[in-house]
There are 2 protein chains.
Amino acid sequence: MWHTDLMSEKVTATNLRARVRAEMTDEIKTVARRHLATDGANLSLRAVARDLGMASSAVYRYFASRDELLTALIIDAYNAVGDEAERAVAEQETPLGMWLAAGHAAREWALANPHEWALIYGSPVPGYAAPRDTVEPATRFMLLLGATLAKANVTGGIADRPPLTGRFAEELAAIAGAYFPELTARIIADTIAAFFQICGAISFELFGQLNNTIEDDRRGFFDYQLRSAARLAGLTE
Amino acid sequence: MWHTDLMSEKVTATNLRARVRAEMTDEIKTVARRHLATDGANLSLRAVARDLGMASSAVYRYFASRDELLTALIIDAYNAVGDEAERAVAEQETPLGMWLAAGHAAREWALANPHEWALIYGSPVPGYAAPRDTVEPATRFMLLLGATLAKANVTGGIADRPPLTGRFAEELAAIAGAYFPELTARIIADTIAAFFQICGAISFELFGQLNNTIEDDRRGFFDYQLRSAARLAGLTE
DNA sequence: GCCACAACGAGAGCACTGCTCTTGCATTTT
DNA sequence: AAAATGCAAGAGCAGTGCTCTCGTTGTGGC
């Protein structure tokens with residue numbers, strides 16, 4: 001993201017160079033996203049450069065490596081699904097409505113951008129270590145689910161359950177104390193479980209790994225999955 | 001698997017060629033699995049050949065393409081986790097014990113063979129379409145969970161719940177009628193949900209995508225995940 | 001036992017990849 | 001105006017999957 005620094009560093013009258021740089025990086029990412037849809041994570045940097053009518057070496061002025069390009073796409077993807085989910089949630093009133101809206105928004109985004117979903121929620125690219133910049137966007141969707149439960153919890157919309165036991169419960173309690181005062185360790189654990197289930201439901205449908213058991217009413221099936229995830233997380237009503 | 005056919009086709013006295021072929025394919029797969037641990041899904045066929053001291057072109061006598069090699073590894077991986085889970089389940093008496101044993105066995109296999117787990121439960125390799133031979137081994141683990149619930153259901157170990165509604169319910173009911181007479185559509189749907197959650201729990205822990213929230217007691221956390229999955233599937237006791 | 005045949009290993013080669021380095025040009029800064 | 005910097009292009013390197021050809025070797029039919 002250092003081109004952002006470059007832009008804000010010195011805002012001269014024209015600042016042509018910084019502007020075309022920003023446009024160029026965006027254009028590269030757009031074309032790369034298009035290639036992502038056909039070639040998946042092993043897209044060719046040279047092919048992207050060809051599509052842009054430039055030499056492959058020129059791309060390296062904008063992204064130091066192919067991995068860095070992928071990182072930019074990953075961050076954008078995390079933010080895209082986060083945006084979609086937040087937008088959908090904002091239209092809802094009840095916690096359950098927010099929960100369902102977030103889930104369906106994520107699924108629909110995944111169906112529209114399967115390879116980008118695979119990029120962020122599939123197996124990591126070999127030899128690729130996610131940089132620091134990705135962790136914040138990566139947590140947005142899950143935090144949205146947590147926020148929904150937090151809202152439900154203050155209005156008594158979450159079932160009372162016995163607290164957790166075990167060493168991991170203390171770790172979760174520490175997290176709850178530091179970041180989510182409205183939530184208990186138990187609710188956090190169940191939220192994570194629900195998050196796993198939702199992501200699994202989307203991924204398995206997307207990657208066709210459930211052998212096309214459900215063919216006609218996939219949305220209905222996912223809706224049921226969402227509701228059982230809500231039940232798992234303790235969302236009543 | 002056609003080298004198996006070759007072996008059983010004509011068992012002459014010596015049959016040297018078929019034997020060394022079988023040994024060679026196994027050896028290639030072994031080395032490839034080793035490379036998988038470092039390079040992931042984009043392992044180099046040439047590097048595998050180098051490790052074996054043979055020309056890269058010679059490998060193509062055994063696997064028509066790199067994808068075919070990966071397919072063989074995928075099938076083996078599915079069967080390995082299936083074997084492990086079945087072995088662990090066989091030692092248990094109660095449905096819940098079987099459930100927990102299957103889950104922990106899968107997780108431990110995944111921790112021991114992370115890249116193979118990524119190969120089968122991560123995002124599919126781009127441009128790679130899973131062949132017919134993979135679907136049967138792929139279903140083994142999930143069928144094991146289903147069988148556990150079936151055993152529980154006949155002894156009244158599954159909570160009574162309202163039946164499903166919606167179009168997808170009919171699809172599931174048809175599957176239940178054809179393959180799982182002991183199960184209801186509702187139980188199948190909940191089993192799938194639990195399966196999603198378990199696979200998600202393993203994958204996210206493996207790929208480090210939950211930002212190392214839980215550090216110390218990962219097994220305990222997974223055990224809790226397993227139990228909430230069981231609750232989700234309706235397993236009482 | 002011999003011989004045609006099929007399987008096999010090796011090597012060269014093709015088109016492609018990510019990435020680096022150098023060279024010349026355009027733009028910005030001093 | 002001059003120096004410094006940003007940028008695009010091209011050549012080049014090491015590596016890839018895969019194909020083809022060419023000797024060699026084990027195998028089944030006669």
Side-chain angles (χ1 to χ4, degrees), chain A residues 2-7 9-28 31-32 35-36 38-73 125-128, chain B residues 2-3 5-28 31-32 35-36 38-73 125-128:
Chain A
W2 53 283
H3 71 268
T4 318
D5 302 340
L6 214 162
M7 284 181 70
E9 190 185 341
K10 293 231 172 153
V11 184
T12 71
T14 62
N15 213 344
L16 193 150
R17 208 146 218 177
R19 186 170 342 207
V20 326
R21 178 174 187 87
E23 284 174 11
M24 203 67 199
T25 42
D26 272 359
E27 210 161 345
I28 292 175
V31 176
H35 277 83
L36 205 62
T38 65
D39 299 334
N42 49 14
L43 59 86
S44 159
L45 216 153
R46 290 178 109 114
V48 172
R50 265 196 303 273
D51 267 24
L52 287 166
M54 67 199 297
S56 66
S57 54
V59 180
Y60 285 84
R61 297 275 169 194
Y62 301 89
F63 298 95
S65 68
R66 210 191 60 127
D67 276 1
E68 198 170 284
L69 212 192
L70 284 180
T71 300
L73 295 181
V125 184
Y128 171 84
Chain B
W2 54 282
H3 72 269
D5 303 340
L6 215 163
M7 284 183 69
S8 58
E9 191 186 339
K10 292 230 174 158
V11 184
T12 71
T14 63
N15 212 345
L16 193 150
R17 208 146 218 177
R19 182 167 350 202
V20 48
R21 178 176 185 84
E23 284 174 10
M24 202 68 198
T25 43
D26 272 358
E27 209 160 345
I28 292 175
V31 176
H35 276 84
L36 205 62
T38 65
D39 299 333
N42 51 12
L43 59 87
S44 158
L45 216 153
R46 290 179 108 114
V48 172
R50 263 197 304 273
D51 267 25
L52 287 166
M54 69 199 296
S56 67
S57 55
V59 180
Y60 285 85
R61 300 278 175 195
Y62 300 89
F63 297 95
S65 68
R66 210 191 61 128
D67 276 0
E68 199 170 282
L69 211 192
L70 284 180
T71 300
L73 296 181
V125 184
Y128 172 83

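Quick note on labels: first sequence line is chain A, next is B, and so on, each numbered from 1.
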Q) How close or far is atom P of dG9(C) from atom CG of Leu52(B), stated in whole angstroms? A) 11 Å
Q: Rounded off to whole Å, could you give me the CZ-to-P distance for the Arg66(B) and dT19(D) pair?
A: 14 Å
**Q.** Integer-rounded Å distance: dC7(D) P and Met54(A) CE
**A.** 10 Å
Q) Can you tell me how far C1' of dT20(C) sits from CZ of Phe63(A), to the nearest Å? A) 19 Å
Might you list the N or O atoms of the protein lying below 3.5 Å from N or O atoms in nucleotides 11-13 of chain C, with each pair's distance?
residue, atom, partner, partner atom, Å
dG11(C), N7, Ser57(B), OG, 3.3
dG11(C), O6, Ser57(B), OG, 2.7
dG13(C), O6, Arg46(B), NH2, 3.3

Q) Which atom pair, heavy atoms only, marks the closest approach of Phe63(A) to Leu69(A)? A) CD2-CA, 3.8 Å
Q | Residue Arg61(B), side-chain atoms from C-beta onward, closest of dC18(D), dT17(C), dC22(D) | A | dC22(D)
Q: Nearest whole angstrom, please: distance from the C1' of dG18(C) to the CG of Leu70(A).
A: 12 Å
Q) Any idea which heavy atoms bring Ala41(A) and Arg66(A) closest together, and the distance? A) O-NH1, 3.2 Å
**Q.** Nucleotide dC16(C), atom C1' - distance to CG of Leu45(A) in whole Å
**A.** 13 Å
Q | dT17(C) phosphate, OP1 or OP2, under 4.0 Å from Arg50(A) side-chain N/O | A | yes
Q) side chain to side chain contact (heavy atoms under 4.5 Å, CB included) with Leu52(A): which residues, sequence neighbours excluded? A) Glu27(A), Ile28(A), Val31(A), Val48(A), Met54(A)
Q: Provide the closest heavy-atom pair for Glu68(B) versus Tyr62(B) in the form atom of the first, atom of the second, distance.
A: OE2-O, 4.2 Å
Q) In chain order, what residues pass the side chain to side chain contact (heavy atoms under 4.5 Å, CB included) check against Ser56(A), with sequence neighbours excluded? A) Arg46(A), Ala49(A)
Q) What's the CG-P distance between Asp51(B) and dT16(D), to the nearest Å? A) 11 Å
Q. When rounded to the nearest 0.5 angstrom, what distance separates CG in Asn42(B) from NE2 in His35(B)?
A. 12.0 Å
Q. Atom OG1 in Thr38(A), atom CG in Leu43(A): separation rounded to 0.5 Å?
A. 8.0 Å
Q: Select base, sugar-phosphate, or nothing to describe what Leu43(B) touches, counting heavy atoms under 4.0 Å on all strands.
A: sugar-phosphate
Q: Please determine, for the side chain of Tyr60(A), which listed nucleotide (dC8(C), dT16(D), dT20(C)) has the closest atom?
A: dT20(C)
Q: Please state whether the phosphate of dG6(D), meaning OP1 or OP2, lies under 4.0 angstrom from any side-chain nitrogen or oxygen of Tyr62(A).
A: no
Q) Nearest-Å distance, CE (Met24(B)) to C1' (dA10(C))? A) 13 Å
Q.
Using the side-chain heavy atoms of Arg17(B), tell me which of these nucleotides is nearest: dG26(D), dG18(C), dT16(D).
A. dG26(D)
